Amino acid sequence: MSYQQEQIKPYNDGEKASQVEQMFDNIAPTYDRLNHRLSWDIDKGWRRKAIRQLAPYHPKTMLDIATGTGDFAILAAQMLQPERLVGADISEGMMKIGRQKVAQMGLQKVITFDKEDCLQLSYADNTFDAVTAAFGIRNFADLDRGLREMCRVLKPGGHLSIAELTTPVRWPMKQLFHIYAHTVLPVYGRLISKDSSAYSYLTRTIEAFPQGELMVEILRKAGFSEASFKRLTFGICTIYFATK
């Protein structure tokens, strides 16, 4: 049995893949604006640091998992200049916005979007030089299976870079984050997105998601030969780096 199935209790029948897909379709129009406001734009710096981990390796083919509206994919294309970058997501509503942004920036020849089940990717083994994921893998119904798929489609020696929201582990940020996540975040999220469940769901997934040393162990069990992590902004975000 996978880690997610054994350990993450907040999931229930209403939060299976189809419900999650519908939720993200619903909040897609306000998703970017809300995320930047809720993080005071700090999320932009987190993305840059995650992408810089890949810069020494000059990846030519890239896959961005749970790409959403494509912010991370666009930034990776601008910073790393790969020949091809595919953004994969379950939500067509999110990717529709991503395609519009890519077209406005003239990046259609580099960035494409595919609707994919991230637990069962359609790509062949050993396809990509690098795989990335920003603030999305905590939504996987089965984390172990999702990471194994990410490892499978990576070329031998390829690299994985992940940025994910996590809970701070030290006082006072741990206590302050708990208050913020359970009061400000769901209320403000509901007011902007008009979705009563989306940002309460976000809080639960952050708190339930494995982090730090535990996540590194899970990455190694998924098939990565090396894995490391670094906490950012007092532990609100953690970036992971792994090699196949």
Side-chain angles (χ1 to χ4, degrees), residues 15 17-39 41-51 54 62-80 82 85-105 107-108 110-119 121-123 128 130-141 143 146-147 149-150 153 160-166 185 189 192-195 197-206 209 236-240:
E15 294 166 345
S18 60
Q19 283 78 20
V20 173
E21 176 184 359
Q22 184 62 53
M23 180 185 70
F24 280 103
D25 282 347
N26 290 342
I27 66 173
T30 59
Y31 183 79
D32 288 338
R33 177 164 55 100
L34 189 52
N35 278 1
H36 298 327
R37 286 188 179 182
L38 288 172
S39 70
D41 280 337
I42 299 173
D43 62 305
K44 297 177 182 178
W46 296 337
R47 288 183 172 91
R48 289 185 178 276
K49 289 182 179 180
I51 292 168
L54 296 169
M62 298 181 63
L63 173 66
D64 185 40
I65 290 289
T67 194
T69 61
D71 271 5
F72 198 72
I74 291 168
L75 189 58
Q78 293 171 332
M79 292 177 64
L80 302 176
L85 195 159
V86 179
D89 203 285
I90 195 173
S91 170
E92 277 289 358
M94 290 283 195
M95 290 189 293
K96 180 180 179 180
I97 294 172
R99 292 186 184 100
Q100 292 170 351
K101 291 193 289 188
V102 165
Q104 291 170 357
M105 297 180 179
L107 293 171
Q108 307 98 308
V110 177
I111 302 175
T112 58
F113 292 88
D114 293 335
K115 183 171 183 177
E116 289 279 336
D117 177 355
C118 294
L119 304 185
L121 296 169
S122 65
Y123 312 110
F128 299 97
V131 175
T132 60
F135 316 118
I137 65 170
R138 70 180 182 279
N139 297 310
F140 286 0
L143 176 62
L147 292 175
E149 278 293 275
M150 294 160 85
V153 300
L160 170 68
S161 183
I162 295 172
E164 192 52 84
L165 296 172
T166 46
L185 194 154
I192 299 298
S193 70
K194 310 303 180 184
D195 190 300
S197 63
Y199 285 85
S200 295
Y201 171 88
L202 171 63
T203 297
R204 297 198 302 276
T205 58
I206 294 171
F209 192 75
I236 297 173
C237 174
T238 302
I239 55 176
Y240 299 90

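Residue numbers start at 1 and run along the sequence shown. Quantities reported herein were computed from a predicted structural model and do not represent experimental measurements. Keep in mind that the numbers below use all heavy atoms, side chains included, and drop hydrogens, waters and symmetry copies.
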Check whether any side-chain heavy atom of [X] lies under 4.5 Å from a side-chain heavy atom of [Y], and answer yes or no.
{"X": "I239", "Y": "W46", "answer": "no"}
{"X": "K44", "Y": "L75", "answer": "no"}
{"X": "F209", "Y": "L165", "answer": "no"}
{"X": "I162", "Y": "L147", "answer": "yes"}

Of the non-hydrogen atoms in [X] and [Y], which two are nearest, and what is the gap between them?
{"X": "A76", "Y": "L85", "value": "CB-CD1, 3.9 Å"}
{"X": "E116", "Y": "S122", "value": "OE2-OG, 2.5 Å"}
{"X": "G136", "Y": "E164", "value": "N-OE1, 3.3 Å"}
{"X": "A133", "Y": "M150", "value": "CB-CE, 4.0 Å"}
{"X": "A163", "Y": "C237", "value": "CB-SG, 4.4 Å"}
{"X": "A73", "Y": "D64", "value": "N-OD2, 3.6 Å"}

Among residues at least two apart in sequence or on other chains, which ones pass side-chain contact (heavy atoms from CB on, under 4.5 Å) with [X]?
{"X": "K96", "answer": "Q100"}
{"X": "M105", "answer": "I74, Q78, L107"}
{"X": "A66", "answer": "D89"}
{"X": "E149", "answer": "L121, R152"}

Stepwise, does the side-chain contact (heavy atoms from CB on, under 4.5 Å) test hold for L160 with Y240?
CA-CA 8 Å; L160 170 68; Y240 299 90; over 6 Å; no
L54/M79 under side-chain contact (heavy atoms from CB on, under 4.5 Å): CA gap, chis, key distance, verdict
CA-CA 10 Å; L54 296 169; M79 292 177 64; over 6 Å; no
Can you tell me how far CG of D71 sits from CZ of F135, rounded to the nearest 0.5 angstrom?
10.0 Å
Calculate, to the nearest 0.5 Å, the distance between atoms CE and CZ belonging to M62 and F72 respectively.
7.0 Å
Pairing residues for F128 by the ring-ring contact (aromatic ring centres under 6.0 Å, His included) criterion, not counting sequence neighbours:
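ring-ring contact (aromatic ring centres under 6.0 Å, His included) check on F128 returns Y123.
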Those residues that, when tested against D117, pass side chain to side chain donor-acceptor pair (under 3.5 Å) (two or more places apart)
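Side chain to side chain donor-acceptor pair (under 3.5 Å) list for D117, sorted by chain: empty.
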